[in-house]
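Since the structure is predicted, the reported quantities are computational estimates derived from the model, not experimental observations. Quick note on labels: first sequence line is chain A, next is B, and so on, each numbered from 1.
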Protein chains: 2
Amino acid sequence: MNADTLRGHMDALLLSVVEREPLHGYAIIEALRERSGGALDVPTGTVYPALRRLERAGYLAGEWAVAGGRKRRTYRLTDSGRAALAGERSAWKSFTTAIGSVLDPSR
Amino acid sequence: MNADTLRGHMDALLLSVVEREPLHGYAIIEALRERSGGALDVPTGTVYPALRRLERAGYLAGEWAVAGGRKRRTYRLTDSGRAALAGERSAWKSFTTAIGSVLDPSR
DNA sequence: GTCTATATGTAGACTCTCTATGTATTGAGG
DNA sequence: CCTCAATACATAGAGAGTCTACATATAGAC
């Protein structure tokens, strides 16, 4: 999965993956890999800054915790983030429809 | 349609739109708008440099022409570009599958 | 004569993602 | 004990593509 291909869709992915339950950065990376069947292997240098950005935007709420002697920052989806996620899902649909209609080889 | 959302998919769009018949930049912009039902309105500052880039890459072959007193640079899909387009289409499928599986609200 | 549509192009800003690097703890294997 | 892999977070700097804004020019309509 190319770098630029993913661009602009990272927010939706991150918000979506913490929808059910709060997760910390490392777990988010694993969740993305698993859910995508291995297609998405996002480096830490992408995820951690992105999580901070989404926290600053008010879509995620981060909290420090300790598990097994290791410090973790766990991110929870806020109400505002839930609304943003809905918007991202809707935008994703429009996006795939638009690109798909151009890419369709039968026209 | 957000700027970053489109990123990395412009090549596929441009190659796809000149697949059937060669087109010049301005016509390509119109074709993208029409085919996408108005969703894609790509500015000239994006398209013209991108066409040059694809020409440098060998995917498009550009040629100057004059129509109605106006100069046009018409781009034709090369064999190499045709192959690239096939790759882009395949990548698009994988991409939508991967993102879709993460975004799916039912999991 | 002015305005719109047609047609191409560049400069510079913007911002996200990546690579590379750094730190630190835990637990397994030898 | 020591080393290595896995876990966990983070930043600096590079890179690249898309955008805004601007510049130029012709044709045709009004």
Side-chain angles (χ1 to χ4, degrees), chain A residues 1-15 17-18 22-34 39-57 59-60 62-75 88 91 95 98-99, chain B residues 1-15 17-18 22-34 39-57 59-60 62-75 88 91 95 98-99:
Chain A
M1 192 73 60
N2 166 278
D4 286 324
T5 321
L6 220 49
R7 193 170 185 131
H9 306 283
M10 192 59 66
D11 293 9
L13 294 173
L14 296 175
L15 295 177
V17 103
V18 297
L23 290 174
H24 62 282
Y26 194 84
I28 287 171
I29 292 171
E30 287 186 315
L32 286 175
R33 189 164 38 231
E34 279 161 32
L40 295 175
D41 194 6
V42 190
T44 67
T46 296
V47 169
Y48 289 115
L51 290 172
R52 294 300 186 137
R53 182 164 48 76
L54 291 170
E55 192 180 8
R56 270 201 314 278
Y59 298 151
L60 294 179
E63 205 175 341
W64 283 108
V66 178
R70 287 191 193 83
K71 281 203 296 182
R72 291 170 168 178
R73 190 159 182 85
T74 301
Y75 291 95
E88 294 278 4
F95 173 69
I99 309 293
Chain B
M1 193 75 58
N2 167 277
D4 285 324
T5 322
L6 220 50
R7 194 169 184 129
H9 305 284
M10 192 57 68
D11 292 11
L13 294 174
L14 296 176
L15 295 178
V17 104
V18 297
L23 290 174
H24 62 284
Y26 194 84
I28 287 171
I29 292 172
E30 287 187 314
L32 287 175
R33 188 164 40 229
E34 278 161 32
L40 295 174
D41 194 5
V42 190
T44 67
T46 297
V47 168
Y48 289 113
L51 290 171
R52 294 299 186 135
R53 182 165 47 76
L54 291 170
E55 192 180 7
R56 269 201 314 278
Y59 298 152
L60 293 179
E63 204 176 342
W64 284 106
V66 178
R70 288 191 194 83
K71 280 202 297 182
R72 293 170 167 177
R73 189 159 181 84
T74 302
Y75 292 94
E88 295 278 4
F95 173 70
I99 308 293

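Under the side chain to side chain donor-acceptor pair (under 3.5 Å) criterion, B/Thr46 pairs with no residue, sequence neighbours left out. The side chain to side chain donor-acceptor pair (under 3.5 Å) check on A/Arg52 picks up nothing, with sequence neighbours excluded. Among residues two or more places apart in sequence or in another chain, the ring pair (Phe, Tyr, Trp, His ring centres under 6.0 Å) test is passed with B/His24 by none. Residues meeting the salt bridge (Lys or Arg N to Asp or Glu O under 4.0 Å) test with B/Arg72, sequence neighbours left out: none. In terms of the side chain to side chain contact (heavy atoms under 4.5 Å, CB included) criterion, residue partners of B/Glu30 (sequence neighbours excluded) are, by chain and number, B/Tyr26, B/Arg33, B/Glu34. For A/Arg70, the side chain to side chain donor-acceptor pair (under 3.5 Å) test picks out no residue, with sequence neighbours left out. The ring pair (Phe, Tyr, Trp, His ring centres under 6.0 Å) check on B/Tyr75 picks up nothing, with sequence neighbours excluded. With sequence neighbours excluded, the residues that form a side chain to side chain contact (heavy atoms under 4.5 Å, CB included) with A/Ala57 are A/Tyr59.
One can place CG of A/Leu60 at 13 Å from P of D/dC9, the figure rounded to the nearest angstrom. Rounded to a whole Å, the CG atom of A/Leu51 is 9 Å from the P atom of D/dA10. Going from atom CG of A/Leu32 over to atom P of C/dC18 covers 11 Å, rounded to whole Å. Put simply, CG on A/Leu6 is 15 Å from P on D/dT18, counting in whole angstrom units. For the pair A/His9 NE2 and C/dT15 P, the computed distance is 18 Å after rounding to whole Å. Protein atom CD of A/Glu63 is 17 Å distant from nucleotide atom C1' of D/dA8, rounded to whole Å. Atom-to-atom, CH2 of A/Trp64 to P of C/dT25 comes out at 14 Å; the value is rounded to the nearest Å. In this structure, the OH atom of A/Tyr75 is 14 Å from the P atom of D/dA8, given to the nearest Å.
Between B/Thr74 and B/Val18 the shortest side-chain heavy-atom distance does not fall below 4.5 Å.
Residues from residues 22-30 of chain B with heavy atoms under 4.0 angstrom of DNA chain C, sorted by number: B/His24, B/Gly25, B/Tyr26, B/Glu30.
Close to D/dA8, at under 4.0 Å from its OP1 or OP2, lies a side-chain N or O of A/Arg72.
Residue pairs meeting the salt bridge (charged side-chain N to carboxylate O under 4.0 Å, His left out) criterion with at least one member in residues 6-15 of chain B, sequence neighbours excluded, are A/Asp4-B/Arg7, B/Asp4-B/Arg7, B/Asp11-B/Arg53.
The aromatic rings of A/Phe95 and A/His9 are tilted relative to each other, their planes meeting at an angle between 30° and 60°.
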Polar pairs (N or O, both sides) under 3.5 Å between protein and nucleotides 11-16 of chain D?
from	atom 1	to	atom 2	distance (Å)
D/dA16	N3	B/Arg7	NH2	2.6

What nitrogen or oxygen pairs link the protein and nucleotides 27-30 of chain D at under 3.5 Å?
from	atom 1	to	atom 2	distance (Å)
D/dA27	O4'	B/Arg70	NH2	3.0

